*Asks:* 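After the structure tokens below, expect a handful of questions from me.
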There are 2 protein chains.
Amino acid sequence: MTKPTLFENITEVSEDVRNFFISKLEEIQAEKGYKLETAGEVSKYLYYIAEGSARSFYIRENRDITVSFSLEGEFVTAMHSFITRSPSYETIETLEKSLLYRISYNDLQECFKKFPDLERVYRMILEKYYIALEEQMIFSKFKSARERYLELMEKKPKIIQRASVGHIASFLDMTIETLSRVRAKI
Amino acid sequence: MTKPTLFENITEVSEDVRNFFISKLEEIQAEKGYKLETAGEVSKYLYYIAEGSARSFYIRENRDITVSFSLEGEFVTAMHSFITRSPSYETIETLEKSLLYRISYNDLQECFKKFPDLERVYRMILEKYYIALEEQMIFSKFKSARERYLELMEKKPKIIQRASVGHIASFLDMTIETLSRVRAKI
DNA sequence: CTGACATTTTGACTTTTGTCAAGGCTAGTT
DNA sequence: AACTAGCCTTGACAAAAGTCAAAATGTCAG
């Protein structure tokens with residue numbers, strides 16, 4: 001997996017633009033549990049997961065609530081904070097040894113200024129982000145605990161292996177006990 | 001409320017760009033129940049609500065499920081369909097007599113080509129859309145039926161007046177009966 | 001004003017999920 | 001092997017919300 005792969009499914013931009021953008025990317029070899037973003041701080045980077053996976057979560061009333069899992073080939077950041085430049089309420093960490101590329105907020109803005117074409121790339125990332133969120137929301141709206149688990153198994157089976165029962169349960173919006181019972185009856 | 005208001009909170013663009021964009025806007029005087037987008041069709045327009053309000057919903061298993069309410073000053077479209085150019089699964093209709101401005105997908109793309117600056121405007125609309133969705137998702141994740149209703153009352157009191165119990169109940173992800181009981185105890 | 005129809009509320013009961021507590025399993029350490 | 005800590009499962013019970021049905025209320029055309 002090389003840097004340019006990052007662009008593959010995004011859009012066609014000129015060689016110059018691409019090279020400039022790539023020059024701003026920083027490669028991160030992350031161990032399991034590496035923190036990409038930390039709650040309380042303003043999100044600094046937009047990450048691309050070349051290999052590995054990550055989990056976004058926040059703490060509320062002493063509970064650790066997973067809001068999303070991200071896999072290879074996806075972009076991830078604490079989007080709310082990244083957009084608003086206000087402190088993030090979520091923390092993002094790798095679920096395993098991962099290879100990441102990241103670009104800082106400021107460099108990204110510089111890219112936009114220099115090459116408005118890149119606005120389009122970012123727009124498309126945002127669109128993907130949005131669609132993923134919308135789909136998750138709608139899917140979770142009707143389904144029972146059991147159906148939500150089955151859907152996760154089908155859509156992101158890798159998560160079932162990588163994440164703990166606690167992470168999965170909070171992501172699927174049920175208690176650990178309910179998840180445990182659901183799993184027992186498959 | 002005039003066309004330029006639409007830009008007020010968005011960003012500064014040059015007079016030329018603004019005028020070109022405005023020239024592409026179409027004004028719609030909509031009666032209550034006017035359909036902005038229809039399930040099964042590809043979303044054609046991005047709407048701006050100058051006055052009034054709208055409801056997005058879809059039908060599943062014979063139930064009418066409200067996914068969002070939009071108020072004055074907000075943009076609205078069947079975003080998933082608008083982005084992917086695939087048939088929409090949602091329908092959007094006005095909840096009351098409304099004044100709308102809309103721009104077609106093609107005109108918007110033309111704007112982007114001619115004035116890359118406008119990509120930024122659209123990006124910001126997307127960002128707002130994203131943040132609203134994320135907030136709604138997180139808020140609905142912890143709260144009881146009662147708390148979800150109280151929060152809606154606080155955040156969008158106008159909706160409580162305009163929408164029917166059925167619309168509100170499906171939006172808050174509870175049955176009509178539960179909502180009725182919640183309201184009885186306030 | 002009245003009747004017809006749609007919407008909302010209320011009641012009785014069921015189902016789903018959550019809570020609390022106990023017990024089991026596994027991996028790492030001594 | 002025994003001990004510990006963390007994680008997961010199971011059971012008994014409680015709480016929240018859903019379902020179905022009936023009654024009350026609202027809306028509106030005639």
Side-chain angles (χ1 to χ4, degrees), chain A residues 31-33 53 55 57 59-67 69 91 93-97 136-153 157-186, chain B residues 31-33 53 55 57 59-67 69 91 93-97 136-153 157-186:
Chain A
E31 290 306 308
K32 176 175 175 171
S53 53
R55 175 177 85 98
F57 65 99
I59 307 292
R60 190 139 146 186
E61 290 156 26
N62 285 322
R63 290 188 307 157
D64 166 327
I65 312 283
T66 297
V67 285
F69 292 109
T91 297
E93 63 179 25
T94 53
L95 282 172
E96 60 190 306
K97 198 167 182 295
Q136 191 192 333
M137 180 134 184
I138 285 171
F139 125 82
S140 69
K141 205 148 187 166
F142 297 85
K143 310 232 172 170
S144 65
R146 178 153 207 277
E147 290 170 316
R148 296 200 297 280
Y149 180 71
L150 290 175
E151 180 134 348
L152 179 64
M153 264 185 76
K158 188 181 174 186
I159 295 304
I160 311 282
Q161 275 116 45
R162 286 280 143 60
S164 73
V165 172
H167 298 160
I168 297 172
S170 70
F171 176 67
L172 295 176
D173 205 8
M174 66 184 80
T175 59
I176 289 176
E177 292 92 332
T178 297
L179 177 55
S180 189
R181 282 183 253 267
V182 162
R183 296 177 96 150
K185 277 184 218 145
I186 286 184
Chain B
E31 290 305 308
K32 175 176 174 169
S53 54
R55 176 177 83 99
F57 66 98
I59 307 292
R60 190 136 147 188
E61 291 157 24
N62 284 321
R63 290 188 307 158
D64 166 326
I65 314 280
T66 298
V67 284
F69 293 109
T91 297
E93 63 180 24
T94 53
L95 282 172
E96 61 189 306
K97 197 166 181 297
Q136 192 190 334
M137 179 133 185
I138 286 170
F139 125 81
S140 69
K141 205 148 187 168
F142 297 84
K143 310 232 171 171
S144 66
R146 177 151 207 279
E147 291 169 316
R148 296 201 297 280
Y149 180 72
L150 291 175
E151 180 136 349
L152 180 64
M153 265 184 75
K158 188 180 173 185
I159 295 303
I160 311 281
Q161 275 115 45
R162 286 282 141 60
S164 73
V165 171
H167 298 159
I168 296 171
S170 70
F171 175 67
L172 295 177
D173 205 8
M174 64 185 80
T175 59
I176 288 176
E177 292 92 331
T178 297
L179 177 54
S180 188
R181 283 184 251 266
V182 162
R183 296 176 95 149
K185 277 185 219 141
I186 285 182

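Chain letters run A, B, ... following the sequence lines, proteins first and then strands; every chain starts at 1. Note that the structure is a prediction, hence the values are computed from the model and not measured. Side-chain atoms are counted along with the backbone in the values below, which use heavy atoms only and exclude waters and symmetry mates.
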*Asks:* Is any side-chain heavy atom of A/Ile160 less than 4.5 Å from a side-chain heavy atom of A/Arg183?
*Replies:* yes

*Asks:* To the nearest 0.5 angstrom, please state how far the OG1 atom of B/Thr175 sits from the CZ atom of B/Arg181.
*Replies:* 7.0 Å

*Asks:* What distance separates A/Ser53 OG from A/Lys97 NZ, expressed to the nearest 0.5 Å?
*Replies:* 13.0 Å

*Asks:* Among B/Thr91, B/Thr94, B/Asp64, find the one that has a side-chain hydrogen bond (donor to acceptor under 3.5 Å, both in side chains) with B/Arg55.
*Replies:* B/Asp64

*Asks:* More than 12 heavy atoms of other residues, nucleotides or ligands under 6.0 Å from NZ of A/Lys32: is that the case?
*Replies:* no

*Asks:* Below 4.0 Å from chain A heavy atoms, what is the first contacting nucleotide of DNA chain C and what is the last?
*Replies:* C/dT17 to C/dC20

*Asks:* At under 4.0 Å between heavy atoms, which parts of nucleotides 11-28 of chain D does protein reach? Answer with one letter per nucleotide, 5' to 3': B base, S sugar-phosphate only, - none.
*Replies:* BB----SSBB--------

*Asks:* For the NE2 atom of A/His167 and the CD1 atom of A/Ile176, what is their distance to the nearest 0.5 Å?
*Replies:* 9.0 Å

*Asks:* Find the distance between CG (A/Leu172) and NZ (A/Lys143) and round it off to the nearest 0.5 Å.
*Replies:* 12.0 Å

